[in-house]
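For reference, the structure is listed below as structure tokens.
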Amino acid sequence: MFEKEQNFIADKITQYLKTNNLPEMDVRWAWIPFNGQWGISTSFFQLAARSFGAEKGNVAQKANEIAQGVASAIEMPAGFSKIAAVNGYLNLYFSPADYSRRVVDEVLSAGDDYGKGQPLGKRVMFEFSQPNTHKAFHVGHLRSAFLGDVLSRIAEAAGYDVVRANYPGDMGLHVIKWLWNYLKYHKGEKPEKDITRWMGAMYAEANKRLEENPDLDAEVRAIYSRWDKKDPEIVNCWKETREWSLIGFKEMYEKLDIKFDRYYFNSMFEEPGKEMVAELINRGIADDERPQGGAVIVKLDEKLGLKEEKFRVIVVQRSDSTALYATEDLALARQKFLDYPDLERSYYVVDVRQSLHFTQVFKTLEIAGFDWATRCQHVSYELVNLPGNVVMASREGTVVLLEDLIREATSRALEVVREKNPDLSEESKLKVAEAVGLGAIKYPMVSRDSGKIVTFDWETALDFNGQAAPYIQYAYVRANSILKKYNAPLPESILPDDQLSTSEIALIDLIARMPGEIQKAAKELKPLTVSNMAYELAKAFNDFYGQCPVLIAEEPVRSARIRLVAAAKQAIANSLALLGITAPQAM
RNA sequence: GUCCCCGUGGCGCAAUGGAUAGCGUGCCGGCCUCCGAAGCCGUUGGUGUGGGUUCGAAUCCCACCGGGGACACCA
């Protein structure tokens, strides 16, 4: 917001350094990190250290000398109130009235677009969610879904063209097992409602039967080879039952407000994958050990001439010639770039256990000479576990089903709404409960560093207080409530009193940082940056709310504060939108 | 055995290599005759260990300790 002034001062600094025979420096601005101090700063430590060359010297003292020299040598640009040298830093303090007006005006004129960056003309793809058909959808699957969704929203806001891709696992051993169980024991049955739960239960049943009687494995293998020969009964049954899962998934995505531009199916890549493997064999990249009873493999370390093991060996096709995940991933990666040749980055939002798998796949593609191979990137995240570090596994039955969590969270939220706001219509109460319940589920998944395991427990998941989505939603509702009472068009832009309170300053400061935080989140692929920002905004607003009366304030303070409330409301709404969390008008 | 990730108050988490390490929760105490108490204020308490790099380290490097994960036909 002060680019011109920043560059102006940077030029002045460069000039000063030149006339004083000091080394050049790259002026980088940062926010002054203290509460109640408002402005930007740059430090001179690096410069001071370099100015000594090989000699020793007191860097801190020198840095401060330079800062002081600069501070006294440059004149203050408009919009600032003070320039000072502090402990080796040059601090430029904003003129509060000017600055706050600038920020508030900008937010109000940009509206829903506030915080977004200019279009970059660059396209990226996020592949995420990858649910397995014929299986349950549980809380462990939520992290990829939410992470991918929020990363997509952030990248879009930062100015990228984003392709959201889903890659359902619609074929594999799990599906074959399911089909076996269905054809043998449930032929002709159809799910009435709660489709995903029914599909998951059937899968668990299949596993139980196979565990109790391992002799049945032969029947499962028979189904697999019938599938491979495209036996019409198997193929048709697969098509029909797969559709049931997909219908269930679509319902869930709709509820979670997650959209996809493109569906790639696992099953689409069996044949193309095998063709690519055949080519790899022809070109001497893959070794075909099938004649000796082995599989088709790529000895990555050997091909790269590495002495120590790093990429190891990847199996790209089974010894019985069926496709496995790696086979399909080769073809999928290629397909993405055939569909979108200008893709700058192809992200795979998949859990951390598959890190090696993806480095192997991408390396294989690189060795094969695909120039886009280095544009593929695995975005890994840690698991969602149950207390005691128990992994959620549909086979073990240690899962919390998504539909159960949603039902529980919304009914719990409904209870609270009834208690807090009995005057709302029943319909509004239900809507609020859904917004609050879903927000509460989502927030913890995107407000934690991806590298950290999330432990799911009901108590925490259903706790709506503190650093959680409902807190942010509540701040939004309060802002909205003030504006509703005000009930008139916003006042004209106004230069507020210079005596802004610290809570007003803190709030405006956070709002002003929003565009930078969004860019940072997109660059670092860190949704947590945005969820933190949303929370900080809400906190700052709640603080302001407690300290600064709005409607009963004297003019012109009243008008300035009303505009600030509107700006804060907009900023909170925009940050919630980036998280895919609904901002209710009342709650 | 090799490789990857994590270690910050009792618990759960933040912190572009930068100035005074922030929050939530829990415990205790306070605040609704001013706009919504799903809120606010106050109190308590912390960077696993040992080296190194740097003007400056929770952050980078090395070793160790503790926890989790991946390592040829699962997805």
Side-chain angles (χ1 to χ4, degrees), chain A residues 28 30 32-35 41 43-46 48-50 52 56-63 86-89 91 130 132 169 172-174 266 289 294-299 308-320 322 324-328 350-357 359-360 380 382-383 385 389 391 413 416-417 419-421 436 444 447-455 460 463-468 470-471 473-475 477-486 516 520 523-524 528-529 532 535-536 539 542-543 545-553 565 586-587:
Chain A
R28 283 168 45 201
I32 298 174
F34 306 114
N35 218 351
S41 73
S43 78
F44 292 97
F45 291 100
Q46 262 173 14
R50 267 188 295 133
F52 286 121
K56 284 262 170 192
N58 188 332
V59 172
Q61 196 186 335
K62 180 79 179 174
V86 183
N87 297 332
Y89 292 81
N91 289 353
Q130 306 102 346
N132 282 324
L173 201 55
H174 70 283
N266 204 313
E289 298 185 342
V296 183
I297 60 175
V298 178
K299 296 175 181 167
E308 284 157 15
E309 61 171 350
K310 181 165 183 195
F311 298 104
R312 302 172 194 240
V313 171
I314 179 173
V315 176
V316 288
Q317 195 170 353
R318 290 198 188 95
S319 49
D320 65 3
T322 53
L324 69 165
Y325 222 50
T327 323
E328 290 145 3
V350 183
D351 80 66
V352 67
R353 292 174 301 185
Q354 293 183 41
S355 297
L356 180 61
H357 165 78
T359 46
Q360 290 180 327
S380 78
E382 267 292 355
L383 303 181
N385 286 348
N389 218 13
V391 178
V416 182
V417 184
E419 179 196 323
K420 307 272 183 193
N421 208 340
V436 170
S447 62
R448 214 169 244 72
D449 193 274
S450 307
K452 282 193 170 127
I453 296 170
V454 171
T455 303
T460 316
D463 185 0
F464 296 158
N465 296 313
Q467 184 163 1
Y471 177 93
Q473 291 166 320
Y474 184 64
V477 165
R478 280 175 138 185
N480 188 49
S481 179
I482 290 178
L483 295 173
K484 231 161 56 189
K485 282 221 166 68
Y486 172 67
K520 190 177 152 204
K523 193 171 145 222
E524 297 174 357
L528 133 74
T529 308
N532 274 351
Y535 172 73
E536 298 279 334
K539 189 169 170 55
N542 276 330
D543 187 40
Y545 186 94
Q547 285 188 43
C548 303
V550 177
L551 296 174
I552 57 171
V565 169
M587 66 192 272

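Within every chain, numbering begins at 1; the chains are lettered A, B, ... in the order of the sequence lines, protein sequences first and strands thereafter.
The side-chain ring of Phe34(A) is stacked on the base of U20(B), judged by centre separation under 5.5 angstrom and plane angle under 30 degrees. With its ring centre under 5.5 Å from that of the base six-membered ring and a plane angle below 30°, Tyr89(A) counts as stacked on A19(B).
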> Reading nucleotides 31-44 of chain B 5' to 3', which nucleotides get B (base under 4.0 Å from a protein heavy atom), which S (sugar-phosphate only), which -?
Replying inline: ---BBBSBSSS---
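No hydrogens or angles were tested; on distance alone, nothing pairs the side chain of Arg448(A) with the base of C13(B) as donor and acceptor under 3.5 Å. For A19(B), the base has a donor-acceptor partner in the side chain of Ser41(A) [N/O atoms by modelled type, under 3.5 angstrom]. Side-chain atoms of Ser319(A) come within donor-acceptor range of the base of C73(B), with a qualifying N/O pair under 3.5 Å.
Taking atom P in both A21(B) and A58(B), the straight-line distance is 10 Å, to the nearest Å. If you take atom C1' in U54(B) and the same atom in C62(B), they sit 16 Å apart, rounded to whole Å. Taking atom C1' in both G22(B) and G45(B), the straight-line distance is 14 Å, to the nearest Å. Rounded to a whole angstrom, the distance from the P atom of C61(B) to that of U53(B) is 15 Å. Rounded to a whole angstrom, the distance from the C1' atom of G42(B) to that of U49(B) is 36 Å. With both ends at atom C1', the span from G9(B) to A14(B) equals 14 Å, rounded to whole Å. The same atom, P, is picked in G66(B) and in C40(B); the two are 42 Å apart, to the nearest Å. Spacing between G39(B) and C6(B) at atom P, rounded to whole Å, works out to 32 Å.
Sequence order on RNA chain B of the closest nucleotides to Ser43(A) and Leu383(A) puts Ser43(A) first from the 5' end.
Heavy-atom minimum distance, Ser380(A) versus Val352(A): CB-CA, 3.8 Å. Closest approach of Met587(A) to Val436(A), counting heavy atoms only: CE-CG2, 4.0 Å. Of all heavy-atom pairs between Lys62(A) and Phe52(A), the closest is CB-CZ, 3.7 Å. Looking at every heavy atom in both residues, Ala295(A) comes nearest to Val315(A) through CB-CG1, 3.8 Å.
Nucleic acid contact for Asn389(A): sugar-phosphate only, since backbone atoms but no base atoms lie under 4.0 Å from a heavy atom of the residue. Ile314(A) comes within 4.0 angstrom of nothing in the nucleic acid, heavy atoms only. Counting non-hydrogen atoms under 4.0 angstrom, Val352(A) reaches nothing in the nucleic acid. Across all strands shown, Gly451(A) has heavy atoms under 4.0 Å from sugar-phosphate atoms exclusively, and none from any base. Asp351(A) comes within contact range of no nucleotide atom at all, as no heavy-atom separation falls under 4.0 Å. Backbone-only contact: Arg353(A) has heavy atoms under 4.0 Å from sugar-phosphate atoms and none from a base. Gln354(A) comes within contact range of at least one nucleobase, with a heavy-atom separation under 4.0 Å. Contact annotation for Ala30(A): base contact, defined as any heavy-atom pair under 4.0 Å involving a base atom.
When distances run from any side-chain atom of Gln467(A) to the nucleotides A75(B), G18(B), G24(B), the shortest one goes to G24(B). Of the candidates A19(B), A75(B), C6(B), the closest approach to any side-chain atom of Val86(A) belongs to A19(B). Between G68(B), G18(B), A75(B), one nucleotide has an atom nearer to the side chain of Asn266(A) than all others, and that is A75(B).
Pairing partner, C71(B): G1(B), with both Watson-Crick or wobble hydrogen-bond distances short of 3.5 Å. Searching all strands for a Watson-Crick or G-U wobble partner of G42(B) with both distances below 3.5 Å returns C28(B). Of all nucleotides present, only C23(B) satisfies the Watson-Crick or G-U wobble test against G12(B), with each distance under 3.5 Å.
The main-chain N or O of Ser355(A) is found under 3.5 Å from a side-chain atom of Thr359(A) such that the two form a donor-acceptor pair.
Glycosidic conformation of C65(B): anti, with the torsion beyond 90° of 0.
Between the side chains of Asp543(A) and Gln547(A), at least one donor N or O sits under 3.5 Å from an acceptor N or O.
Between Tyr471(A) and Lys539(A) the shortest side-chain heavy-atom distance falls below 4.5 Å.
Between Asp351(A) and Arg353(A), at least one side-chain N (NZ, or NE/NH1/NH2) sits under 4.0 Å from a carboxylate O, which counts as a salt bridge.
Nucleotide C6(B) holds its P atom 8 Å from the NZ atom of Lys452(A), rounded to whole Å.
Phosphate proximity of U16(B) to Lys520(A): present, with a side-chain N or O under 4.0 Å from OP1 or OP2.
Remark: Gln46(A) CD is loosely packed, at most 12 non-hydrogen atoms of other residues, nucleotides or ligands lying under 6.0 Å away.
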